[in-house]
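For reference, the structure discussed in these notes is given below.
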Amino acid sequence: MTSAGATNKLEIKRNDIVGRYGVAACDLEPGELILTETAFAYGPKIDSPPVCLGCYAYIDCSNLCSTCGWPVCDVDCEVVPAHKDAECGVFANAKVKFTPVENTYEPCLQYECITPLRVLLATERDKDRWENQVKCMETHTEERKRKEIWNFNTVNIVNFLRGPCKLSRFDEDLIHQVCSILDINSFEARTQSGNMIRCVYPNVAVLSHNCVSNITHSIYTDGWGTPEDYRVYLRAALPLKKGDELFAGYTYSMWPTIVRREYLREGKYFECNCQRCTDPTELGTHMSTLKCTKNLCDNGVILSTNPLDAKAEWKCTHCPNTLKGSTIRKVFKTIQEEIDQVESMPQDSMSIEARESLYRKYRSILHPRNAYFTVLRISLAQMYGKIEGYTMDVLPDVLYERKVELCQQILENINILEPGWSRLRGITMYELHAPIIMLARNLYNNDVIDKSELRAKLMEAIELLRESSQILILEPENSSEGMIGQAAMQAYQQLSANLDDLVENA
Ligand SMILES: C[S@@+](CC[C@H](N)C(=O)[O-])C[C@H]1O[C@@H](n2cnc3c(N)ncnc32)[C@H](O)[C@@H]1O
């Protein structure tokens, strides 16, 4: 298979269960580029609030494009090709103006048509790619016809584009097909404004899902809205052999099984039966596990009797206590809502305390390695050392120790759930190196460790920086991960060059 920028390292196969899927066409090293491609089209996500149609930043909608009358930041964003050469001309010709909205933070119905419209226009502009790569993408049309989304799209996208937008040249089936292609196959990309958009990559989207993926993808953003913007790079995360199936992760890997499977069933129309989903302990990570809270129970844990059935009972390993699958789902929903609330707070000392307080609150019911603790650990590990009042230079030893513990616990789960060169591994290793150095210095200054132990600790930090920079240096230079990669590389070089002096003069 070839396409502009693609390589010959991906072979596309087909079976009756998943349809098309991808395998390695040759042996691959971790970090090795498998393929790169531009997006066929990209634009706002479903349920997007009104964002600038040039750069996707949140806006108050007071500035409108002088050609079409839809929201943009300023004249620079008006002329971004992704907007100017797409919906701008359609809306201007049809005199379809943006209707002001009361709350600019709420999802805006008028925006639902933007990305489907961009894809429709791309079917005409890039006919070959549409015919050869995009038209054949999975749509799950029959299942979707039975769902609410079908009527929603008929009213808000099909009728709107064919009616007021005067685009009757696109027939109803094609518009529905495009909406389905977007829902089943889109990848999310972070724009320079920090907001997420969705992009269609026909080759990368061939990969099947597995809850333990073996590839990584990075999306490069220059922000100018050209076809090169949002180019994707697909890489191997692990050493892979020719013929090995390549698996993407369609869900957040740190969600528990019941939540991942629900997302895949509702949004991607399949039941995931991977090894991780089948195992009640999630490959020994205990991401779904709860503690038994029965008074007389001695250290029992609650596990699903059949993780492939959301309605199956959950049972204690040590006592007769049982719970319904629906009860567990409700517990997870409540915890997720509380975490979402904390995550919407400004990142300051209060939000650190709010996370620690959630951590304490759920200690009696969740297994120490449960997914929601991992989610809290990931943000806490990145906040200790950065947030005002908690910067590295002022943290007491006990909080260096807390940061080390958080990072090590995250890495234990990453080793199993995101093996190889994952971004989260790179970031966590970077976060871990600093408290190790600070603690080692303090321990040495207080005569708790000697020079050889100090050297060993510094070498541990150097190794973390080496691995972190190796992973993150592959990320786009202007992304937060890419910047951490550059900082890790610099710190690695400096620390390696000065190790002897640092130990001698400590
Ligand atoms: C992004 S597409 C992947 C490419 C698709 N197989 C094709 O033929 O175009 C996602 C769809 O592939 C199928 N799929 C992906 N991973 C799967 C899995 N682990 N088990 C079953 N079906 C899967 C589902 O139909 C899903 O909606």
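One-based numbering, in listed order, for ligands and for the atoms of each.
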Which atom pairs, one a donor and one an acceptor, fall under 3.5 Å between side chains of residues 234-245 and the rest of the protein, sequence neighbours left out?
from   : atom 1 : to     : atom 2 : distance (Å)
Arg235 : NH1    : Gly31  : O      : 3.2
Asp244 : OD2    : Lys241 : N      : 2.8

Contacts of Tyr233 that satisfy ring pair (Phe, Tyr, Trp, His ring centres under 6.0 Å) - sequence neighbours left out: Tyr220
Glu262 and Arg265 ion-paired at < 4.0 Å: no
Ligand 1: protein residues within heavy-atom distance under 4.0 Å: Val18, Gly19, Arg20, Glu138, His140, Ile184, Asn185, Ala205, Val206, Leu207, Ser208, His209, Tyr250, Lys268, Phe270
Show the atom names and distances, to 0.1 Å, of all donor-acceptor pairs under 3.5 Å that link a side chain in residues 406-415 to residues at least two apart or in another chain.
from   : atom 1 : to     : atom 2 : distance (Å)
Gln409 : OE1    : Arg377 : NE     : 2.8
Asn413 : OD1    : Arg369 : NH2    : 3.2
Asn413 : ND2    : Thr374 : OG1    : 3.1
Asn415 : OD1    : Arg425 : NH1    : 3.0
Asn415 : OD1    : Arg425 : NH2    : 3.2
Asn415 : ND2    : Leu411 : O      : 3.3

Side chain Glu188, main chain Ile197, donor-acceptor under 3.5 Å: no
Heavy-atom donor-acceptor pair, Glu282 side chain to Pro256 backbone, under 3.5 Å: no
